[in-house]
Number of protein chains: 2
Amino acid sequence: MKNRTIDEKVPVDCKVHLRGINDTIDILGGKWKFMIIGCLTLGKKRYMDLQRMVEGIGSKMLSKELQELELNGLITRTVMVTKPITVEYELTPYAQTLKPIVDQISAWGIQHREKVIKEMTKK
Amino acid sequence: MKNRTIDEKVPVDCKVHLRGINDTIDILGGKWKFMIIGCLTLGKKRYMDLQRMVEGIGSKMLSKELQELELNGLITRTVMVTKPITVEYELTPYAQTLKPIVDQISAWGIQHREKVIKEMTKK
DNA sequence: CCGCATCCCTGAGGATACTG
DNA sequence: CAGTATCCTCAGGGATGCGG
């Protein structure tokens, strides 16, 4: 048993803070989840809509990520028994709590892009 | 050339919104970046500190992700020429703009965990 | 239109060992 | 202490095709 210097600087509230980040990333990690949420932030969407909006995503990934989001209670899946079947995805009220986060992430990306472009032209 | 119904519902500002998310995820994606930023949010940290705080990360991933963050101008790396060498990582002023995002992500994770636990015990 | 099944493959990422 | 190098794996994820 060595006399470790651990814990000297890792108070409990820090751990909670970090665990919070971890938990969120566990749920919203992956390559597309934020994008999907971002799309649904704009209103309910159909499968095709999503595939078109989330540029680059494949059918397999899309349905997989949608399932995971549904499991976590973030989106609802509604099947409309129309001619060719129709499915609508929508954020749950609970998922609305994610909107501020998604909006900020988007805003940061936008301003970051501007900053990068500015730096390139300046040089 | 088919008469596609695309674009009917994909106005430019939506695309910008989504591209913003994309850009941010490109930079902060990956398994650990948010956690690392979260740690550095608490102040400057040494390599070992980070490895200890970001539970589960390996030496290789840590240094790789740190390099990427440094490339994007989000952290600074300072070498102290001490007995056994010492290196400190710190958020750049620019990276401070990420703090609200990280904080919200953390807060959401914390409240989500509480919600899940509540639902489990309730049942 | 929705989305599962299948095949396949790249690369993220883990474990271990080694250097300055 | 702070990494780098090497090897290896396994799952994320792309492409295609089929069925309800």
Side-chain angles (χ1 to χ4, degrees), chain A residues 2-10 21-22 25-36 39-40 44-72 75-90, chain B residues 2-10 22 25-36 39-40 43-72 75-90:
Chain A
K2 297 161 62 183
N3 183 6
R4 315 286 254 85
T5 50
I6 300 191
D7 297 330
E8 57 169 336
K9 285 284 188 172
V10 193
I21 298 175
N22 225 350
I25 300 303
D26 277 349
I27 294 173
L28 297 182
K31 204 172 178 179
W32 309 106
K33 299 246 175 59
F34 274 107
M35 282 294 284
I36 293 173
C39 290
L40 293 176
K44 64 173 61 171
K45 293 275 172 281
R46 306 221 313 250
Y47 190 84
M48 277 292 286
D49 296 330
L50 290 173
Q51 192 157 20
R52 218 179 286 132
M53 297 174 79
V54 185
E55 203 139 349
I57 196 172
S59 177
K60 178 179 152 187
M61 273 307 105
L62 179 54
S63 61
K64 186 188 145 208
E65 308 258 88
L66 285 170
Q67 282 172 26
E68 292 175 7
L69 289 173
E70 192 185 2
L71 271 179
N72 282 310
I75 63 175
T76 56
R77 180 176 175 275
T78 316
V79 181
M80 328 273 288
V81 192
T82 50
K83 221 306 261 323
I85 199 175
T86 303
V87 181
E88 280 187 345
Y89 292 93
E90 191 174 10
Chain B
K2 296 161 62 181
N3 184 7
R4 314 285 254 88
T5 50
I6 300 189
D7 296 332
E8 57 170 335
K9 286 284 187 171
V10 194
N22 225 350
I25 299 304
D26 276 349
I27 294 172
L28 297 183
K31 205 172 177 179
W32 309 106
K33 298 246 174 60
F34 274 106
M35 283 294 285
I36 292 173
C39 290
L40 293 176
K44 63 173 63 172
K45 293 275 172 280
R46 307 220 313 250
Y47 190 85
M48 275 293 286
D49 296 330
L50 290 172
Q51 193 157 18
R52 216 180 288 133
M53 296 175 80
V54 184
E55 203 140 349
I57 196 171
S59 180
K60 177 179 151 190
M61 275 305 107
L62 180 54
S63 62
K64 186 189 146 208
E65 305 252 280
L66 285 171
Q67 283 171 26
E68 292 175 7
L69 289 173
E70 191 185 2
L71 271 180
N72 282 310
I75 63 175
T76 56
R77 179 175 176 277
T78 316
V79 180
M80 329 272 288
V81 192
T82 50
K83 201 352 231 327
I85 200 175
T86 303
V87 180
E88 279 186 345
Y89 291 94
E90 191 174 8

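Keep in mind that the numbers below use all heavy atoms, side chains included, and drop hydrogens, waters and symmetry copies. In what follows, chains are A, B, ... by sequence order, proteins preceding strands, each numbered from 1.
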Worksheet item: Which nucleotides of nucleotides 15-20 of chain C have their base under 4.0 Å from a protein heavy atom (B), which only their sugar-phosphate (S), and which neither (-), written as one string 5' to 3'?
Response: B----B
Discussion item. Need one value for M48(B): base, sugar-phosphate or nothing, where a base atom within 4.0 Å counts as base even if backbone is also close, heavy atoms only.
Written reply: sugar-phosphate
Worksheet item: With sugar-phosphate meaning primed atoms plus P, OP1 and OP2, does K83(B) contact a base, only sugar-phosphate, or nothing at under 4.0 Å between heavy atoms?
Response: nothing
Item to complete: Figure out the CD1/P separation between I36(B) and dG13(C), and round it to whole Å.
Response: 11 Å
Discussion item. Let's see if you get this right: which residues in residues 64-72 of chain A place a heavy atom under 4.0 Å from DNA chain C?
Written reply: Q67(A)
Worksheet entry | Length of the line joining M80(A):CE and dG3(C):P, which is rounded to integer Å | 13 Å
Worksheet item: For T78(B), what residues pass the side-chain hydrogen bond (donor to acceptor under 3.5 Å, both in side chains) criterion, not counting sequence neighbours?
Response: none
Fill in: Min side-chain heavy-atom separation M53(A)-K45(A) under 4.5 Å
yes
Discussion item. Take a 6.0 Å sphere around CD of E88(A) and say whether it holds more than 12 heavy atoms from other residues, nucleotides or ligands.
Written reply: yes
Discussion item. Restricting to non-hydrogen atoms, name the atom on I75(B) and the atom on L66(B) that form the minimum distance, rounded to 0.1 Å.
Written reply: CD1-O, 3.4 Å
Item to complete: Just jot down the side-chain hydrogen bond (donor to acceptor under 3.5 Å, both in side chains) partners of R46(B), sequence neighbours excluded, or say none.
Response: none
Worksheet item: Which residues pass the salt bridge (charged side-chain N to carboxylate O under 4.0 Å, His left out) test with K60(A), sequence neighbours left out?
Response: none
Fill in: Set of residues satisfying salt bridge (charged side-chain N to carboxylate O under 4.0 Å, His left out) with respect to E90(B), sequence neighbours excluded
K44(B)
Worksheet item: Partners of V81(A) by side chain to side chain contact (heavy atoms under 4.5 Å, CB included), sequence neighbours excluded?
Response: none
Worksheet item: dG3(C) phosphate, OP1 or OP2: any side-chain N/O from Y89(A) under 4.0 angstrom?
Response: yes
Item to complete: For E70(A), check salt bridge (charged side-chain N to carboxylate O under 4.0 Å, His left out) against everything at least two apart and list the hits.
Response: none
Fill in: End-to-end axis angle, where each axis spans five pairs of the helix from dC1(C)-dG20(D) to dG20(C)-dC1(D), to 10°
50°
Worksheet item: Who passes side chain to side chain contact (heavy atoms under 4.5 Å, CB included) against V54(B), sequence neighbours left out?
Response: W32(B), M35(B), I36(B), C39(B), I57(B)
Worksheet item: In whole Å, what is the span from the CG atom of L62(B) to the P atom of dA12(C)?
Response: 17 Å
Worksheet entry | Test side chain to side chain contact (heavy atoms under 4.5 Å, CB included) applied to E68(A) - qualifying residues, sequence neighbours left out | K33(A), K64(A), E65(A)
Item to complete: Give the first and the last nucleotide of DNA chain D, reading 5' to 3', that has any atom under 4.0 Å from a heavy atom of chain A.
Response: dG12(D) to dG20(D)
Practice prompt. Give the rounded distance in Å between these two atoms: CE of M61(A) and P of dA5(C).
Written response: 13 Å
Discussion item. On the nucleotide dG3(C), are OP1 or OP2 found under 4.0 Å from the side-chain N or O atoms that R77(A) carries?
Written reply: yes
Discussion item. Tell me the closest heavy-atom pair linking Y89(A) and L50(A), and the distance in Å.
Written reply: CD1-CD1, 4.1 Å
